[in-house]
Amino acid sequence: MTPLVDPFGRAISYLRLSVTDRCDFRCTYCMAEHMQFLPKRDLLTLEELGRLSSAFIGLGARRLRITGGEPLVRKGIMTLFRSLSRHLATGALDELTVTTNGSQLARYAAELAECGVRRVNVSLDTLDAKKFAEITRWGHLPQVLDGIAAAKSAGLSVKINAVALKGFNEDELFTLIEWCAAEGHDLTFIEVMPMGEFGEAVRLDQYWPLSDLRARLATRYTINALSERTGGPASYVRLAETGQKIGFITPLTHNFCESCNRVRVTCTGEMFMCLGQEDMADLRAPLRADTDDALLVAAIRAAIARKPKGHDFDYSRARVGGAISRTMSHTGG
Ligand code: SAM
């Protein structure tokens, strides 16, 4: 099949797939405490998620990231990983990864490794158990640390994603770096999007621009910018003193649009062609209309033909934040 290439000549090689809107944490900057989740019938079944992923892989997607909500709380999720692992075995897929809060990793790390997963991104904003309970509302730090340890012993590389929050984990900047260096984990900071649907929970004074964070880092380390890009909103540096790679994700920047290689699909089958725009295509209807994938493939191709050149620069942070919260996130890549 002809691979997916958008009107600007960019090959679509990366799919970020949300498998659930549910989560066992209630991080204050992400979810309201009493969330109204989608009715189960609206969610794609595991089989549909598998079909959809396989269709993208058939169309040239080489990297697949499973996310959520919390992907590892979806019932039967390992069935999906098991089924997707065949694409790694045939070489059709280069990489299958997962972004998780780590709460279920102690249980699943070994199985993920068996399925061919080599790397996991674990979201962890603080190493202080009390602060962890405060920011996640429902989470327990020891459970996550056990999960991370299990991932490491299963041979998975771990990247820690920490949302930068002024007045919250500002004082842990160097602690997080030193802990990751000692444990052998990569570390990426994510700039918080302070607005949107759940924005009230994040006080505006918690906004900590990564430019400030980076300047703070430079007071202790020699920072060498790395030219590598992933086609997404992350940029990387290496700290000369520790040799560590540190990433910065600034979700609302648009300086990576020209190399954008990605799309994301929500757990209800809505495909978003651009991080900063609300245009989307429904893939659930074509998936459900026929057991053959012809309609699905046609819908994917039609949507890719609409992929915009770049973010809509007029978008307000509020609108973008709202769109992103509603569709259960795009960050942490
Ligand atoms: N449950 C998984 C996890 O915790 O990684 C996957 C979904 S979670 C929504 C993906 C990432 O988005 C996490 O690293 C989380 O911290 C980040 N995130 C959520 N809300 C955010 C916000 N308002 N601003 C920046 N990052 C956010």
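Count residues from 1 along the sequence. Reckoned from all heavy atoms, side chains included, excluding hydrogens, waters and symmetry mates. Note that ligands are numbered from 1 as they come in the structure, with each ligand's atoms numbered from 1 the same way.
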When you compare the side chains of T100 and E70, does any donor N or O come within less than 3.5 Å of an acceptor on the partner? yes
Check this for me - ligand 1, N121, N or O atoms closer than 3.5 angstrom, yes or no? no
Are any of the N or O atoms of M193 closer than 3.5 Å to those of ligand 1? yes
Any donor-acceptor N/O pair, N169 side chain to E172 backbone, under 3.5 Å: no
Should side-chain heavy atoms under 4.5 Å link Ile, Leu, Val, Met, Phe, Trp and Tyr, which residues sit in the same cluster as L43? L38
Can you check whether G69 has an N/O within less than 3.5 Å of an N/O in ligand 1? yes
With heavy-atom distances below 4.0 Å as the criterion, list the atoms of ligand 1 near I190. 14 (O), 25 (C), 26 (N)
Run the numbers for me: atoms of ligand 1, each under 4.0 Å from some heavy atom of E191, listed by number. 25 (C)
Indicate whether the side chain of Y236 and that of D186 have a donor and an acceptor atom separated by less than 3.5 Å. no
Could you say whether the N/O atoms of D125 and ligand 1 ever approach to under 3.5 Å? no
Hey, which atoms in ligand 1 end up nearer than 4.0 Å to a heavy atom of T99? 2 (C), 5 (O), 6 (C)
Under 3.5 Å between some N or O of ligand 1 and some N or O of S123? yes
Please determine, by modelled atom types, if R86 and S54 share a side-chain donor-acceptor pair under 3.5 angstrom. yes
Which ligand 1 atoms, with their elements, are less than 4.0 angstrom from a heavy-atom of T67? 6 (C), 7 (C)
Regarding N101 and S103, is there a side-chain donor-to-acceptor distance under 3.5 Å anywhere? yes
Pairwise salt bridge (charged side-chain N to carboxylate O under 4.0 Å, His left out) hits with a residue in residues 237-258, at least two apart: E228-K245
